[in-house]
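As structure tokens, the structure follows; a few thoughts come after it.
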Amino acid sequence: MKNNGNKRNWLMMPAAALLSLGVVLAGCGNSGSNGAASNSTAGSETSGTSKLHIITSFYPMEEFTSKVAGDLADVEVLIPPGTEPHDWEPTPQDIAKMTEANMIVYNGAGMEGWIDQVKDSLGSNGPVLVEASKGVQILEGTEEEDHEHEGEAGDHSEEAADHSEEGHDHGGFDPHVWLSPKQAQTEVKNIEAALVQLDPTHADQYKQNADAYIKELTQLDNDYKTGLSSAKRKDFITQHAAFAYMARDYGLTQVPISGLSPEQEPTAAQMAKVVDFAKQHNVKTIFFETLVSPKIAETIANEVGAKTAVLNPLEGLTDDQVKAGENYITVMRENLKGLEQALNE
């Protein structure tokens with residue numbers, strides 16, 4: 001994932017040049033609107049028999065959008081299964097796809113670092129842009145997190161700048177909103193509102209689809225509340241600092257080995273802090289994730305005599321998960337089961 005320099009080069013091109021390139025690759029764009037779901041000039045064109053064409057940035061956005069749109073839209077995801085999305089960047093061919101779409105759904109909060117320059121390249125007559133996390137109370141985040149939660153953001157400004165150059169910086173915010181079932185409901189509602197505005201003829205269907213999915217998310221939210229409220233311990237160690245929203249909403253404390261970017265290497269001092277924490281608190285499970293190497297988590301687990309287990313940040317599904325028919329709800333239930341086991345050992 002580090003070798004993405006060629007992808008990044010086109011982002012340095014002027015917006016006008018990018019727009020010209022997108023038109024050459026895609027032919028004519030559509031007559032949708034560019035904005036945070038605030039315009040709907042494409043609505044009259046999509047109210048007939050043809051389906052909407054919606055581009056989503058990565059897996060959770062694809063699932064949320066598909067659940068709301070149902071069979072009224074063809075929903076496509078930019079980042080393919082098994083790909084870690086933090087430092088992914090679109091190619092000119094991806095820009096061409098976006099130029100042709102009626103709508104682009106992205107998470108926001110810094111997850112898609114490329115989105116602002118894409119907005120410039122799409123122009124005022126491009127697709128409707130939907131920031132799914134709009135309205136969520138966004139948490140601040142740093143590339144390193146103090147395990148005692150007393151660090152100051154200023155201590156990490158130079159390091160954050162370094163990561164920004166590598167394409168890892170999230171603008172000082174934690175984007176992992178979707179990992180709380182409570183916050184995921186807000187994202188689904190934002191997508192519903194954007195679809196209704198774009199295609200008001202099918203407003204009732206979008207509402208019905210969204211209500212049905214939110215009912216599932218509400219049950220999942222309740223299960224998290226019930227399952228975690230009585231846990232013996234409230235802190236958990238994870239390789240990637242992706243679970244702050246989950247921790248906040250369900251009364252837990254996340255102790256990350258590394259920062260917001262899963263490929264960030266922790267320093268020796270960070271590793272030592274986590275090892276000390278694990279020993280002092282008798283932690284028996286160290287969590288890692290599916291799309292990056294578990295080596296760091298395994299090293300700490302071996303040091304303290306703990307086991308490792310998956311806590312999935314749902315930034316993408318593996319090919320095996322796709323083939324098995326897994327989805328956001330099933331994976332989040334696996335996460336809940338893993339947390340319940342680890343917090344009651």
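This chain uses plain numbering: 1 for the first residue, then up along the sequence. Computed over heavy atoms, backbone and side chain alike; hydrogens, waters and symmetry mates excluded.
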Membership question, hydrophobic clusters at under 4.5 Å side-chain separation (ILVMFWY): are V283 and F288 in the same one? no
If only side-chain N and O atoms count, and only distance matters, is there a donor-acceptor pair under 3.5 Å linking [Y] with [X]?
X	Y	answer
T238	Q254	no
D223	Q219	yes
E334	N312	no
Y206	D199	yes
T91	D94	yes

Is it true that W178 and H176 have ring centroids separated by less than 6.0 Å? yes
Atom [atom1] of [X] and atom [atom2] of [Y]: how far apart are they, to the nearest 0.5 Å?
X	Y	atom1	atom2	result
I55	N102	CD1	CG	10.0 Å
L139	F173	CG	CZ	10.5 Å
T99	L122	OG1	CG	5.0 Å
E187	S180	CD	OG	9.5 Å
L314	N327	CG	CG	9.0 Å
M103	M98	CE	CE	15.0 Å

Any side-chain heavy atom of [X] sitting closer than 4.5 Å to one from [Y]?
X	Y	value
Y250	L336	no
E62	I79	no
T308	P294	no
Q183	Q137	no
L339	M246	yes
K207	V196	no
L72	L52	no
R333	I329	yes

Which word best sums up how the rings of Y328 and F64 line up, parallel for under 30°, tilted for 30 to 60°, or perpendicular for over 60°?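 Ring orientation, 0 to 90° scale: perpendicular.
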Taking all non-hydrogen atoms of both residues, which atom of [X] and which atom of [Y] are closest, and how far apart?
X	Y	answer
P266	I257	CB-O, 3.5 Å
P313	A242	CB-CB, 4.1 Å
S258	H240	OG-CA, 4.3 Å
V274	P256	CG2-O, 4.1 Å
E326	Y59	O-OH, 4.3 Å
E315	H86	OE2-NE2, 2.6 Å

Heavy-atom count around K307 NZ within 6.0 Å, excluding the residue itself: above 12? yes
Check: [X] side chain, [Y] main-chain N or O, donor-acceptor pair, under 3.5 Å:
X	Y	value
R233	H281	yes
Q270	T267	yes
S66	E63	no
N107	P175	yes
K234	L228	yes
N190	K134	yes
Q239	K295	no
N335	L311	no

Verdict with reasoning, M61 to V77, per side chain to side chain contact (heavy atoms under 4.5 Å, CB included): CA-CA 8 Å; M61 301 303 103; V77 65; over 6 Å; no
If you apply the rule side chain to side chain donor-acceptor pair (under 3.5 Å), what do you find for Q208 with D204, and how did you get there? CA-CA 6 Å; Q208 181 179 337; D204 290 344; over 6 Å; no
Does T285 form a side chain to side chain donor-acceptor pair (under 3.5 Å) with Q341? I'd like the steps, not just the answer. CA-CA 9 Å; T285 300; Q341 291 175 345; over 6 Å; no
Determine, step by step, whether K182 and Y224 satisfy the side chain to side chain contact (heavy atoms under 4.5 Å, CB included) criterion, reporting the C-alpha distance in whole Å, the side-chain angles of both residues, the deciding distance to 0.1 Å, and the verdict. CA-CA 10 Å; K182 178 180 178 180; Y224 264 74; over 6 Å; no
How far apart are the C-alpha atoms of K215 and D211, what are their side-chain angles, what is the distance that settles it, and do they pass the salt bridge (charged side-chain N to carboxylate O under 4.0 Å, His left out) test? CA-CA 6 Å; K215 183 177 180 180; D211 287 349; over 6 Å; no
Derivation and outcome, side chain to side chain contact (heavy atoms under 4.5 Å, CB included), residues V310 and T290: CA-CA 7 Å; V310 171; T290 52; 3.8 Å; yes
Salt bridge check, K119 against D116: does any charged N sit closer than 4.0 Å to a carboxylate O? yes
Only one of E76, E100, K97 forms a side-chain hydrogen bond (donor to acceptor under 3.5 Å, both in side chains) with H53, so which one is it? E76
Apply the test side chain to side chain contact (heavy atoms under 4.5 Å, CB included) to residues V177 and Y245: give CA-CA distance (whole Å), side-chain angles for both, the deciding distance (0.1 Å), then the verdict. CA-CA 6 Å; V177 172; Y245 293 94; 3.9 Å; yes
May I have the step-by-step check of side chain to side chain donor-acceptor pair (under 3.5 Å) for E298 and N302, ending in yes or no? CA-CA 6 Å; E298 290 172 348; N302 291 336; over 6 Å; no
